[in-house]
Amino acid sequence: VLWGIIGPVVAMLAFGRRAALGWFVAFLTILMLAIFVERAEAPELSPDTVRGSFAIVLGGVSIFLFFLFVYFIRERDRAQDEADHERARSDALLSNILPDEIAVRLKDGERVIADRFDEASVLFADIADFTPMSSTMEPQELVALLNEVFVEFDKLADRYGVEKIKTIGDAYMVAAGVPTARADHASVLADLALDINAMVAGRSFSGRSVEFRIGISSGPLVAGVIGERKFIYDLWGDTVNTASRMESQGEAGRVQITESTKRLLDGRYSVLPRGTVDVKGKGRMLVYFLEGRRDIERAADHEARGSGVA
């Protein structure tokens with residue numbers, strides 16, 4: 001009986017559960033026959049033979065079952081390790097696609113993620129004269145240039161703790177104050193915009209010099225997750241549309257901001273009025289160019305005076 005049960009077990013290992021079922025039925029059939037069918041008288045065996053047979057049967061089957069369980073436990077642990085690795089990989093991928101707070105909510109089973117923010121700022125930046133430039137470039141060269149530029153932008157976004165939303169062609173979209181509210185959302189994007197212009201002005205990308213138009217707007221917006229298989233964390237609202245218009249109707253190498261953003265910067269930055277411009281979908285708007293940080297300008301002026309430079 002003990003050796004017989006090994007048959008279905010080996011069948012399961014070798015051929016799968018369906019095949020093992022047939023072997024198990026056969027084992028049960030033979031077991032019933034062994035119990036109920038009359039048998040001839042067994043010959044007398046010596047006590048040593050009985051003990052030896054007993055030891056062989058129990059010892060052999062026990063050894064087999066022990067190493068079988070060792071094998072199953074090892075495979076289970078390996079499968080668990082692989083599952084943990086894949087889960088960690090999946091979590092890392094989700095964190096690269098979505099803000100950490102949003103990724104946690106999604107993993108916790110929240111089906112519809114949508115939040116309203118009363119105060120936030122949005123920045124758009126795109127390469128000036130990109131279309132004629134791209135028409136003269138090979139595909140690999142074009143992608144390499146954009147990747148090189150946006151990798152540097154990502155580093156700056158990480159440094160300032162703002163949320164990259166997405167890239168759209170040659171445009172880069174970033175927000176502050178989402179998904180976590182912060183009081184300095186306008187000033188941190190102003191700093192980011194100034195650093196972007198300083199960074200691109202001092203170097204070339206894939207052997208080419210580029211200039212960016214940058215636009216910033218501040219105000220209320222809605223943020224949420226769209227999609228089931230390919231997630232995206234996106235923003236909607238008038239603030240988003242106006243920031244896009246500030247960029248598209250701005251000037252190369254300059255940062256154009258709205259009245260709402262200027263008001264939040266509170267005199268800590270040099271701002272030059274551009275006047276009223278006809279903004280698509282908004283009509284006439286008073287807009288400004290962000291020129292620099294006043295504390296840095298004062299420090300530079302102080303240094304120049306200290307060295308005797310007028």
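This is a predicted model, so every value here is computed, not measured.
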Pairwise distance [atom1]([X]) to [atom2]([Y]) - rounded to 0.5 angstrom:
X: E148; Y: R208; atom1: CD; atom2: CZ; result: 12.5 Å
X: I257; Y: L265; atom1: CD1; atom2: CG; result: 5.0 Å
X: I113; Y: F231; atom1: CD1; atom2: CZ; result: 8.5 Å
X: T258; Y: K282; atom1: OG1; atom2: NZ; result: 9.0 Å
X: T167; Y: M173; atom1: OG1; atom2: CE; result: 11.5 Å

Pairing of [X] and [Y] as salt bridge, 4.0 angstrom limit:
X: R51; Y: D48; answer: yes
X: D84; Y: R87; answer: yes
X: R284; Y: D278; answer: no
X: E119; Y: R182; answer: no
X: R159; Y: D191; answer: no
X: D195; Y: R293; answer: yes

Could you check whether atom CD of E138 has more than 12 heavy atoms from other residues, nucleotides or ligands sitting under 6.0 Å from it?
no

Does a sphere of radius 6.0 Å around CZ in R17 hold more than 12 heavy atoms from other residues, nucleotides or ligands, not counting ones at 6.0 Å or beyond?
no

Output field: ring centroids F150/F205 closer than 6.0 Å
no

Let me see the working for Y172 and D154 under side-chain hydrogen bond (donor to acceptor under 3.5 Å, both in side chains), right down to the final yes or no.
CA-CA 10 Å; Y172 190 90; D154 287 346; 2.7 Å; yes

ring-ring contact (aromatic ring centres under 6.0 Å, His included) assessment of F67 paired with F72
CA-CA 9 Å; F67 284 104; F72 272 118; over 10 Å; no

